[in-house]
Structure formats: C-alpha cells, structure tokens
**Student:** 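This structure is in structure tokens; I'll ask about it shortly.
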There are 2 protein chains.
Amino acid sequence: MKLTIIGTGLIGGSIALKLREKHFVDCVYGVDQNEQHLVEAKELGIIDEGSTLENAIQNSDLIILAIPVDGSRKLLPTILDLVNDNQTVMDVGSTKGGIVKGVENHPNRNRFVAFHPMWGTENSGPKSAISDSFAGRAGVICDQEDSAPDALKMVEEVAETLGMNLLYMDAEGHDIHTAYISHISHITSYALANTVLEKEREEDTIFQLASSGFSSTVRLAKSHPEMWVPIFRQNKENVLDVLNEHITQLRKFKSALEKDNYEYLEELIRNANKIRGILR
Amino acid sequence: MKLTIIGTGLIGGSIALKLREKHFVDCVYGVDQNEQHLVEAKELGIIDEGSTLENAIQNSDLIILAIPVDGSRKLLPTILDLVNDNQTVMDVGSTKGGIVKGVENHPNRNRFVAFHPMWGTENSGPKSAISDSFAGRAGVICDQEDSAPDALKMVEEVAETLGMNLLYMDAEGHDIHTAYISHISHITSYALANTVLEKEREEDTIFQLASSGFSSTVRLAKSHPEMWVPIFRQNKENVLDVLNEHITQLRKFKSALEKDNYEYLEELIRNANKIRGILR
C-alpha cells in the first residue's frame, strides 16, 4: 500500500515510521512546504521521497493530513477534489468542528475520516518523530457515519497498527472534551511559564531550583505557536468557556488564602485529589 | 552513626533508605504519630525500630525532621531543648521563613540546619519512599551562618551522600523562589483538576481521553492537603503574590482570544517558549 503524509513533522513522521515498521505501507511520499524537513524525513527513513501534492495523491491509497489545523482545514477540500473512491483521506488534528464543517457538502466527503490521535510532545519536525508513540493512547474517530465504510475500516486498521484504543464521538463533542482535557492544560502551562519568567528574573535560580513538579507542569509551555494558535482559534468558544472556569477555580484558592480560610483551602484540595480515582 | 527520622513518610523514608544503603548511618530510629507507618517503615527496612521522641533523640547523632511544615515549626524548639553540642538537627520542609524565625533566639539554634531537598512526588507514607530519589536535584541550605560549622558540615555530607547539588540561600529568598518554582505549580494543578471535574461530568471520558500532556499537568493535583495546606499557610504572602500574577497572565490569554487577537496570542506563547532555554 502507498501512503502520502502531508506534513512530515512530529505526528505525521511518527505515524509513517510505525506504519512502515509494521509493513502496513511499502511506499511513503512526503509533502511539505519546508524543503529541509523533506530532506531530514528521507534521511530518517520516514519517507521514500518528497513529492508535489498532486503527484503524491495520484499515487497513494491513503493520504494523511498532518499539518496545523488551520492549514488542514484550508487544504482538505482541494485534496478531496483530487481523490477517487478507492482512496482514503484522514487528518490528525486536535480540533474537529471546523474541518468537518468545511467539507460537509463536498461530493467526496465520504472519502475523509476525521481522526485525532491523543498523543504529542512539545517538540516538532521530523527529528522529533518516534515510532512507538501511540501505543495505548486514545485515537478518536469523529462523525464516523459521514465516512464510507471502507474508508472508516482503513483508518481503524491504521489506529490498530499504531496500537491505539479507538473511541467514537461527534466532532462537536470532541471539541468540547479536548478543550477540558488538552487545550486548557497548554494555556495554564504557558501562563505558568510567563508568570515565572515575569517574577523570577534570575534565570539561573529557575534552572537550579526547578523540581520535577515544576518541570512537568511547565513542559507543555515549550510547545510551538505554529501548532497551538490555530487550535485555540478553531476551538475558541470552548477554550474560553473552560478558561473562565479555570480562572474562577484559581480565584477560590486566592480567596481561601486571603481570608485565612484553611478549612476551605483543604476542601478545594480534597476535591482536586478526586482526580486520583480517575487518572492512574 | 545513629539517625532519627521524625516522620517516616515519602521524604524521611527516602533519605533514610539512601543513607543506610551508603552506610552513612548504621542505626535508624523512627518517630511517627502513625503507628501503622512505623510498622511499615520497619518492614520496608527504612528504620530499625520505632521509638519515642525523647529516647530516639537521646541516642542519635543526627535528627531529621520530616513532617508537614506546621508540625516541624511547632516541634523544633522542643527538639532543640533536648540536644547537645554533638548532635545535629535538620529539617526538609518546603518553607523556611517560619521555622528559622521560631528558633532564632533558642540557645541551641546553631545545632539546627535548615534544609530543603527539591524533590517530591504526589504520593505519601513509607511505601512511597524511594532510595534513589534525590540524585541530581537541588538541595538548599538556608541561613548557613546561623548553624555551627560541624552541624553544617554534617548536613552537607548528607546532601552529598544523597547525590544532591547544594545551594545556599537566606530563608526569606528561599520562600520567594519556591513560591514561583514549586508552590504555584501545585495551585494551578489543583485548580486545573477542579476545572475538569467541574466541567467534565463523564469521568470515563476524562480517563479515556487523558493525553500525556494532561496527565503531567494534573499529576501534582494528587498531592495531599496534609502536606500542602501548611506550606501555603506558611508562605501565604509570597504565594498570593505569584497567584495574582498568574491570574493576570491567564487573563491575557483570555483577552487575546476574546478579541481574536492572534498576533498577541502568538506573542504570549513565544514568550512562554523562552522556558525552553532555561529548563532542559
């Protein structure tokens, strides 16, 4: 089987590495605006060759769209214009409402499967790709009823080959859940980094004192704006809703401290501890 | 050498395990209000035997105070009443201003060394103790000039045996820095957990969708109030100062989104990305 990955970075690269390793595909075309990424992706064994979009699509059974969500949303209609009923297109974006809405009336809509693998790191580019990234993680398929059965089956096989646990949701529900579970974590991490950078002018002290707790909460603040600004833009309403709730929750801690109300502070912490029962 | 650990939990237990393993001590007395913890600590090889406070201190060269910071602050004067010039007392608390102030006029003040090992997990109790916890982490000694040279040397040797990188600070500076680097991370993590628990009533969905990013930012929210309420109370002014700054930083993200000002959003993220240059 022949594969095109559009975007040869962290997610596209990691998927291609695993699908090759498992012999799910035997030829991978890479499409990337960044010529240097194509060179690196070939050196790293992620792709067989760089290609134009048209040539790659014409020669592939499966096309994986793995660029920032605004780019995917813009490019998907063009890709669907180019495919036939034997080809499958999937994306890997962190927001889903916009991309499915953008092709809802496209005659080839049913060749597209909206997919979100719940894995990522703060790194980017082909060099950050890791073959074993996805095993045991959630892979979400959205609006499955709008995809042709054979296209859906293809994406399910991709997810299984990656070792992911499949979930099914509608695109709207997906965007609400990911605002809580993923997008808000990034905003709090960015804001925490900015707080520390604002308050702690001695960079050496940050470096020397940083405990494992600090490092793990701030890790996401290393994530690039090229990926995250489009996610926040496309999921604006849900993210704002959760962000408002988060500020409200922080104000409760502030109020408990200001009023020396340590019973209330303890209650807030005990409530947060309930996450123990939910996350391992 | 004989050691007393007061509090046989995560920190006290981990230190004792390592000091035994390295033959820095050959006998460890455990003092703990929780009888079950003494039984567990003996079974796990953390202590040789449980003891009363008086008996343990009378028979030890080194006394390590490893209970929540309010308890340490209250107990330290009593311990200093009981020690002589051949004995050393150290604490491991996350706040320092209160504990040193509480003994500033004590005749045995110079037998005490204020120490903060910058390591922890969200777990507690003897079973959570890990011998190799401290290697490569920062160990902060505060107000070193108020400790006798031999007591200081003893604690430096403990820190070296644990493999820690020693730093020296005054207690006031320590409490300001740890508010930025450690305490605020815990508040944001608690608030994030409460946000998700408030918004996402389907616990199954949290569990299934939780990405590695979410898990790492919410991990600290599992930390117990018994440890953290006293820390926030003792470092109230510094924590409130940083919390106010953090809410201000979050409001900038909110404002950028509300006004569709994505250039500003990108600027906020690029600023946060500077943490890349500071943390590995």
Side-chain angles (χ1 to χ4, degrees), chain A residues 118 138 167 177 180-182 185 187-200 203 205-211 213-222 225 228-229 232-233 236 240 242-243 245-247 249-250 253-254 257 262 265-266 269-276 278-279, chain B residues 118 138 167 177 180-182 185 187-200 203 205-211 213-222 225 228-229 232-233 236 240 242-243 245-247 249-250 253-254 257 262 265-266 269-276 278-279:
Chain A
M118 299 288 287
L167 294 172
H177 292 307
Y180 307 147
I181 304 288
S182 165
S185 299
I187 289 187
T188 58
S189 193
Y190 288 133
L192 189 59
N194 285 344
T195 302
V196 172
L197 292 166
E198 182 64 34
K199 281 290 187 181
E200 179 64 87
E203 293 195 354
T205 312
I206 303 178
F207 177 73
Q208 288 171 328
L209 286 181
S211 60
F214 180 71
S215 303
S216 69
T217 33
V218 170
R219 179 175 68 81
L220 301 181
K222 300 177 182 175
W228 282 93
V229 169
F232 297 140
R233 178 160 44 192
K236 174 184 160 180
L240 270 176
V242 186
L243 183 52
E245 176 64 32
H246 184 57
I247 292 172
Q249 293 293 342
L250 280 169
F253 281 86
K254 177 170 138 87
L257 270 174
Y262 298 108
L265 187 61
E266 180 173 339
I269 292 177
R270 286 212 188 279
N271 190 66
N273 285 169
K274 288 181 192 157
I275 207 80
R276 267 185 184 262
I278 299 170
L279 291 182
Chain B
M118 300 287 288
L167 294 173
H177 291 309
Y180 306 148
I181 304 289
S182 165
S185 300
I187 290 188
T188 57
S189 194
Y190 288 132
L192 189 60
N194 285 344
T195 303
V196 172
L197 292 165
E198 182 64 35
K199 281 292 190 180
E200 179 65 88
E203 296 195 352
T205 311
I206 302 180
F207 177 73
Q208 289 172 325
L209 286 182
S211 60
F214 180 70
S215 303
S216 69
T217 33
V218 170
R219 180 174 68 81
L220 300 181
K222 300 176 181 176
W228 281 95
V229 169
F232 297 140
R233 179 159 45 191
K236 174 184 160 179
L240 270 176
V242 186
L243 183 52
E245 176 64 33
H246 185 56
I247 292 172
Q249 292 293 341
L250 281 170
F253 281 85
K254 178 171 137 88
L257 270 174
Y262 298 106
L265 187 61
E266 181 173 338
I269 293 178
R270 286 211 187 282
N271 189 66
N273 285 169
K274 288 181 193 158
I275 207 80
R276 268 184 182 261
I278 299 170
L279 293 181

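Atoms considered below: every heavy atom in the structure, side chains included; atoms not considered: hydrogens, waters and symmetry mates.
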**Student:** For B:Ile187, is it the side chain, the backbone, both, or neither that has a heavy atom closer than 4.5 Å to a heavy atom of chain A?
**Tutor:**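 Both backbone and side chain.
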**Student:** Chain A: which of B:Ala138, B:Pro225, B:Ala193 shares the most heavy-atom pairs with it under 4.5 Å?
**Tutor:**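 Of the candidates given, the most pairs with chain A belong to B:Pro225.
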**Student:** Rounded to the nearest 0.5 Å, how far apart are CG of B:Leu220 and OH of B:Tyr190?
**Tutor:** 8.0 Å
**Student:** Determine the minimum heavy-atom distance between B:Asn273 and A:Ala221, stating which atoms define it.
**Tutor:**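 So the two residues come closest at ND2-O, 2.9 Å.
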**Student:** If you compare all heavy atoms of A:Leu240 against all heavy atoms of B:Lys254, which two are closest, and at what distance to 0.1 Å?
**Tutor:** CD2-O, 3.8 Å
**Student:** What part of A:Leu250 is in contact with chain B, defined as an atom under 4.5 angstrom from a non-hydrogen atom: side chain, backbone, both or neither?
**Tutor:**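 When you check distances to chain B, atoms from both the backbone and side chain of A:Leu250 fall under 4.5 Å.
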**Student:** I'd like to know which of A:Trp228, A:Tyr262, A:Phe232 tops the heavy-atom pair count under 4.5 Å against chain B.
**Tutor:** A:Tyr262
**Student:** Do B:Val196 and B:Val218 touch side chain to side chain, with heavy atoms closer than 4.5 Å?
**Tutor:** no
**Student:** Please classify the contact between A:Glu245 and chain B as side chain, backbone, both or neither, with a heavy-atom cut-off of under 4.5 Å.
**Tutor:** both
**Student:** Answer with side chain, backbone, both or neither: which region of B:Leu257 has an atom nearer than 4.5 Å to a non-hydrogen atom of chain A?
**Tutor:**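 Its backbone and side chain both get close to chain A.
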**Student:** Does any backbone or side-chain atom of A:Leu197 lie under 4.5 Å from a heavy atom of chain B? Answer side chain, backbone, both or neither.
**Tutor:** side chain
**Student:** What part of B:Leu243 lies closer than 4.5 angstrom to a heavy atom of chain A: side chain, backbone, both or neither?
**Tutor:**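 The side chain, not the backbone.
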**Student:** On a heavy-atom basis, which atom in A:Phe214 and which in B:Tyr180 lie closest, and how many Å separate them?
**Tutor:**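 Minimum heavy-atom contact is CE1-O, 4.1 Å.
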**Student:** If you round to the nearest 0.5 Å, how far is NZ of A:Lys236 from CG of B:Leu265?
**Tutor:**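 One gets 11.0 Å once the value is rounded to the nearest 0.5 Å.
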**Student:** Could you look at B:Glu266 and say if it's the side chain, the backbone, both or neither that has a heavy atom under 4.5 Å from chain A?
**Tutor:**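 Both backbone and side chain of B:Glu266 come within 4.5 Å of chain A.
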**Student:** First locate atom NZ of A:Lys199, then atom CD of B:Gln249, and finally report the distance between them rounded to the nearest 0.5 Å.
**Tutor:**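 Reported value, rounded in 0.5 Å steps: 10.0 Å.
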